[in-house]
Amino acid sequence: MKTSLWLLDINGEFIQGNPEIRLWGLDGEGRRILVRDSRLLPYFYLVLNGTRESEDIANEIEKTHLPSLEKVDVVNRRYFGKQVKALKITVRDPSLIEGYVKKLAKVHGVETHLEDDLRYSYRYLVDNGVSPCHWHEVDVEEVRNDLKASVEAVYRAESTPKLGEKADSPSMRVLSLSMMAHSPTGAPKPDNNPVDIISCATNSGETKQFATGNKDDEPTLEAFIKYLRDFDPDIIATFGGNTFEWPFLLERAKRSGLKLQVDRLDTEPHRSAYGHISITGRANVDFSDFSDEIGEVKVKSLENIAAFLGLPEATAPIIEDVDYADYWNDPKRRPELLEFSMRRARLILGLADELLGFAEELSSLSGLPLDQVGAAAVGFRIESYIIRQALNYGELIPQRLERPYFPYQGGIVLNPKPGLHEDVAVLDFKAMYPNLMITYNISCDTYIAPKEPTPPEGVNAAPEVGHRFRKEPPGLYSRVLKELIQTRDRVRVEMKGLKPGDSAYRIRDARQRAIKVMTNAAYGYAGWVGARWYIRPVAEAAAAWGRYTITRAIETARKMGLDIIYGDTDSVFVKYDRGKTDRFVREVEAEMGLEIRPDKVYRRVLFTEAKKRYAGLLEDGSLDIVGLEVARGDWTELAKDVQEGVLGILLRDKDPEKAAAYVREEVSTLRAGKVPLRDLTIWKTLTKDPKEYAVRVAHVEAAKRLAEKGWEVTTGDKVGYVIAKGEGKLYQRAVPYAFASPEEVDLKYYEEQQILPSALRVLSMFKITEKQLQP
DNA sequence: GCTGGGCTCTTACCC
DNA sequence: ACGGGTAAGAGCCCAGCG
């Protein structure tokens, strides 16, 4: 028989001497199914150096009679675009590969070993072109559910699952989860502190809460496990669950002698690829992993992200984690905490509703399973996409190597013309680096090293740096990028016929955004020393062609008499003249073979002398503020609000005096103590362990003060602090936001080091001085 | 012992 | 754990100082 399968989760096992892939998903009838496939044996390659006959080496290896060795095949492949002979070594037990590689790589005539570092389950996806979050057709035979898997049917695969047409996801059960615990001495630790509250919300509209009555959380955990298994979610949504909820719950369960059996088999959640927590048969998605995609939100808390997405309840009052214990221990206030926890579960569910589509698209495009794709860094997502394409071209997958890092020259940034300009158009090259890579065939497998002869088909040589790339055939990057760009264009055309807000539109929008993310990542990937296909000249050449392109565009504009105000990497800001601009666009496109388009037109735009910082008034009357304090997360809300107010007055009214008066008002408000603590808080990221800093800085000192009280902050966390009155350096006066009180705040600091600099940054252009900003 | 200029460290932005 | 280019604040160092 045949079944359709929408792939939700995959895992590889080795049982009774055989490797087995388990594909978990849904079928066309919406049933949960498990497809077991033992038809693919794991393998790796030995690349040969040509000093011996391939068959001789193959024979030698076969004669070793390694117990799990199945087969040795001589094959032709490509490696960085060059033809190579390789041996494909097929092995039955994936866990033995590592040992075999060590042994066989030493055989005379073997240059290197490849693809032994791919997980078996990932190998299966890549080899068969099977995609997570995608429909497949597969020939199957129904078998007994002897694994006791929580599914409606178990099958044995009798064919390779065949990728079906791109179609809507099946309707799935989503459960969100938020947990709370407390300690009298700081952050809760699972070895000492019980779980207080577990809140769940489901996309069927249910909410459910489990709270611990006394100190014994065993009944809480038991009830939660039972509830989760009964609901049987396909997707488990958390916000930070990979680092907080799951490790905590696992430890608590262990202490009670309970099994945290929340999967579709009989195992427990476990840490797996990219550090995510895997729950067999389901997709455990930690939505905090997607908060990087939302650049507008600087402090990436659940509430802030939910508020940005416009979710109901997102702006209701927050209970800070330092206050949990007080709420929990006070019978009058405990209900508030319970409600707060429940609200978090609802917000996570809302986040899942907003972001799951994007996550699914990213998963199906990259080929990384849904539970992994968020946890995987951008470089690994694009690499996964490239790996899948490489297979189609017979290109072997290089190892991941540790390499030294040497910087190279990047894009050009022009000095802006300072001042207020009327009618300025921003023209930018559409997807400049990807298109350069396509146009000049810049790729890891088309690069011709300096000592190599010029191939007959000819080369493109990069300006300035001289790196050469063969003109034919199209390289891996070229093909990958062409396909991505074409697919995105197609999706966007489809969107034109749909209503925004419709689910069909939303799905396609998520899809085109996922494709854009991947397309834009390709150039960065090429220059990343951690990339499997890293070749520095690839990135260096793309950057050089970028400089060449923008320089030529600037020359063209000058010749035409277009007044250039500014430019950065792939954009030029010109005094807007409809006729000249149209001609400029046509001319540049004809000359460079790259598309350049007016991105936006400013009615008025303000530059200081600094690059990468400006503010403009768009034609719809809105402000567009770039690079300035308003756009930064490490300035107080106060300073940002004042600067935004100033910019609004300058750009709309062209009245510096009025702006100065506005600043004086704001200073008075501050002096009167009317600015809330929240707006005086500075948030900065801890980029390394507090011990590793070479100098003493405020946010690190604040982090240490948090740690002293048991609130450990770790690398990657944002620390909020305020500056208190007193003597000494700023770092000596940094008080963690959570411990700060309004009375101790040093208002003078906020006036002199926050409001004044951010206001003067733009007002000094108009000869307004500090004195004029004093009330 | 203090001051101020300049360098360094650090963060977060732009494209 | 994707690239380089850039601004900016605060700490730190030390020459110069009757």
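A, B, ... follow the sequence lines: proteins, then strands. Residue 1 opens every chain.
Distance from the side chain of A:Gln409 is smallest for C:dG5 among the nucleotides C:dG5, C:dA8, C:dG9. When distances are taken from the side chain of A:Pro757 to each of C:dG9, B:dC14, C:dA1, the shortest belongs to C:dG9. Across C:dG5, B:dT11, B:dC15, the shortest atom-to-atom separation from the side chain of A:Thr569 is found for B:dC15. Residue A:Ala631 has its side chain nearest to B:dC14 when only B:dC14, C:dA10, C:dG5 are considered. Side chain of A:Tyr614, nearest nucleotide from C:dC2, B:dT11, B:dC15: B:dC15. Distances from the side chain of A:Thr687 to the nucleotides B:dC14, C:dA10, B:dT10 place B:dT10 closest.
Each of A:Arg613 and A:His699 has a nearest nucleotide on DNA chain B; the 5'-most of these lies closest to A:His699.
In this structure, NZ of A:Lys298 is placed 8 Å from C1' of B:dA12, rounded to the nearest angstrom. We find that NZ of A:Lys611 is positioned 6 Å from P of C:dA7, with the value rounded to whole Å. Atom CD1 in A:Ile412 sits roughly 10 Å away from atom P in C:dT6 (whole-Å rounding). Note: CH2 (A:Trp635) to P (C:dA7) measures 15 Å, nearest angstrom. One interatomic measurement links the two molecules: CG of A:Leu628 to P of B:dC13, which rounds to 12 Å at whole-angstrom precision. Summarising the geometry, the separation between NZ on A:Lys688 and P on B:dT10 is reported as 3 Å, rounded to the nearest angstrom. Rounded to whole Å, the distance from CZ on A:Arg632 to P on B:dA12 is 8 Å. Rounded to whole Å, atom P of C:dG3 lies 16 Å from atom NZ of A:Lys612.
Checking A:Ser571 against A:Asp568 by side-chain atom types alone, no donor-acceptor pair falls below 3.5 Å. In this model, no donor atom of one side chain and acceptor atom of the other lie less than 3.5 Å apart for A:Arg632 and A:Ser758. A side-chain donor-acceptor contact under 3.5 Å links A:Trp246 and A:Asn284.
Residue A:Tyr566 places none of its side-chain N or O atoms closer than 4.0 Å to OP1 or OP2 of B:dC15. Side-chain nitrogen and oxygen atoms of A:Tyr731 include none within less than 4.0 Å of the OP1 or OP2 phosphate oxygen of C:dG9. For the pair A:Arg761 and C:dA7, the criterion of a side-chain N or O lying under 4.0 Å from OP1 or OP2 is not met. A close approach under 4.0 Å does not occur between any side-chain nitrogen or oxygen of A:Lys684 and OP1 or OP2 of B:dC13.
Residues A:Tyr721 and A:Tyr737 keep their aromatic ring centres 6.0 Å or farther apart. Taking the six-membered ring for Trp and the full ring otherwise, the centers of A:Tyr405 and A:Trp528 sit at least 6.0 Å from each other.
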